[in-house]
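Here the structure comes first, spelled out in structure tokens, and everything after it is commentary.
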Amino acid sequence: MRFSQDFIEKVQQANNLVDLISQHTQLRPVGNGLMGRCPFPDHQEKTASFSVSEFKQVYHCFGCKKQGNIYTFLQHYNGMSFPEAIEYLADRAGIALPVEENPRESAEYDQAKEKRRLLAKVNNIAAVYFHEQLRRAPADHPVRKYIAKRGLTPEIIETFGIGYALPDWEGLENHLQQKNIPMPLAEEARLVVARKGKPGYFDMFRDRLMFPIMNPMGEPVAFGGRILEQGEPKYLNSPETPVFIKGRILYGLYQTAKYIRSEDVALIVEGYMDLVSLFQSGICNVVATMGTALTPDHGKLLKRMTRNVVALFDGDSAGMDAAERSLPILLSADLHPKGLTLPDQMDPDDYVKKYGAEALKIEISKAPDLFVMILERWLESYRGEPSQKVQLADRLKPLFAAVPDARLRDIYVNEAATRLHVSDAWLREATGLPLKSNSYGNQPQRNQTSGGGSSARYAGAKPAAAPASNSPKVEGGVSQEQGTGSEKISLKGVPKPELLLANLVLKSRANFALFLEEKILDFVSHEGLKKILIKAADVYGQDLDKFDKLTSLFVNYVDQPELLFVEESPSGGREIQEFDQEKEEKLLKDCFKKVRDNSLKQQARSLADGLKSGMTPEKLEQIMQIQRNRHSLKNNGNQ
Ligand SMILES: [Zn+2]
């Protein structure tokens, strides 16, 4: 679904950033804002340097430079897409999503949406119920003993909402009845099963440790149940429902997205228990596939957070087959996959218990490129026979085709050619690639880190540049990801004085009033910035409360929102400086003068250029006027 700018703003205004961030860090009033410890896990700090402005609805960390509005926070902290963040916040504020244009589609859409809402509600009741059963279990209960054996702490149980399904056949069923949940709905949520040949239902999960599976909005949509002692199946998963499609959900992502983003690498494991025990040992940048093969949708989910993935596989042949299957999927998602197998058939939990988390972290950092790992497996029985060369070329062909980035593909071709003892040219031809990549000009760009961490993090949140032709089509395209249906306003190349101008005039109503009074807008040369200031003038004339939150709104529309954030406390945020009105006014006036002066200089230059192709009396008069203006500005400045 696409959202209009009006809708995006409406939802934004109906939610308070302070409430949302307060769920993750304690904020205290300092000066005219709020400060707390940075909630992002890559920024461990003892003193508070994370500032939130309730007035402006933006956050800014003086330490790690992360900043943004309520949407960017959800995208960065919980791994939601922009449309998901909009839906989440609309729901939170009780705002109905816009109805689609087509009435028939709309009716179907509404029905499906209502069904999803009801299923989410039932799942939520069940999750709370299971969690409560675990909380109530006495100390000598087998589930307590199991938890102690696995070493799960109360914090971990809380973080992942882990629960317990009683051995009763009708424990949850009775509870749902009491909550007036229709049993056919509970059956559709796959929480109860209809009895065969007689009326009634029984619980699907019995005597199991329950892991709620959350969507990126943090709603439980399904469950995984692990048996406590011996028995089959060891893991019982909810079957798919309209709210739970396995190929589209990664277990743990809601809780681990912020770590993945912070560390810029995701570890992919198979099961809940693997993930939870790694998380507990301090390796938190993990997701789990819940026993299914990786899908292109999983790839897309991961790419929102990072391009670097390390997939953990069992060292046996089934594990290696799984690694082989996932390679083209990860490559075509434009990810940079690495592969890791643990020795002696150990699972991550065993490994961490035996060698410690630090040892695993080292293994992860040394993990080989997944392509190379698979290639080496293929070469185990390679003796350089001509027919083997052809066979291997056939196996490599779909892998090469899956890589959207020609630069990476060329390296893979070279790597494979070297190991096969063939020429690059032969391998290119044998796998249907053009003899030489023409240019790398249109490759998806890895976002460059320039300056502090903040710009890189912003860049990471943006949808990738247009994918190369052979990469999978991104559902809904770039505008879907942005949710606005329009291109972002570019702030590329804004001259410094104009940037300072924008920062100053958007800072307060008083500054903006002065800006309008002195008609500075006419002198702004940068097109993107001008658009923003025109919009600001519009809002200023209509709705002053909205004007105060403009920076927060602009975060949605501009390509480099970090440029609009003012470092209000240059001392690093630890001291709040006294506001000095006189100083501020002087700064503002100087800035106006500079912008005006630059603009006049620019005009004079372009006129002079025009003159070379012929002088007219009008042009001459214009130049003289500009010179007079500049002169008078200079004199004013000297007063
Ligand atoms: Zn920070």
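Atoms within a ligand are numbered from 1 in the order they appear, just like the ligands themselves.
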Just the protein N/O/S atoms under 2.8 Å from the Zn ion (ligand 1), please, no waters. Cys38 SG, His43 ND1, Cys61 SG, Cys64 SG
For the residue pair Val287 and Ile260, what are the closest heavy atoms and their distance? CG1-CD1, 3.8 Å
For Tyr59 and Phe50, take the angle between the two ring planes, folded into 0 to 90°, and tell me which bin it lands in: parallel under 30, tilted 30 to 60, perpendicular over 60. parallel
With ring centroids as reference points, do His24 and Phe73 lie under 6.0 angstrom apart? yes
Applying salt bridge (charged side-chain N to carboxylate O under 4.0 Å, His left out) to Asp297 and Lys300, what does each step give before you reach the verdict? CA-CA 5 Å; Asp297 283 317; Lys300 266 189 243 168; 3.5 Å; yes
Identify, with sequence neighbours excluded, every residue that meets side-chain hydrogen bond (donor to acceptor under 3.5 Å, both in side chains) alongside Asn215. Glu219
Looking at Lys549 and Asp545, is any side-chain nitrogen of the basic one under 4.0 Å from a carboxylate oxygen of the acidic one? no
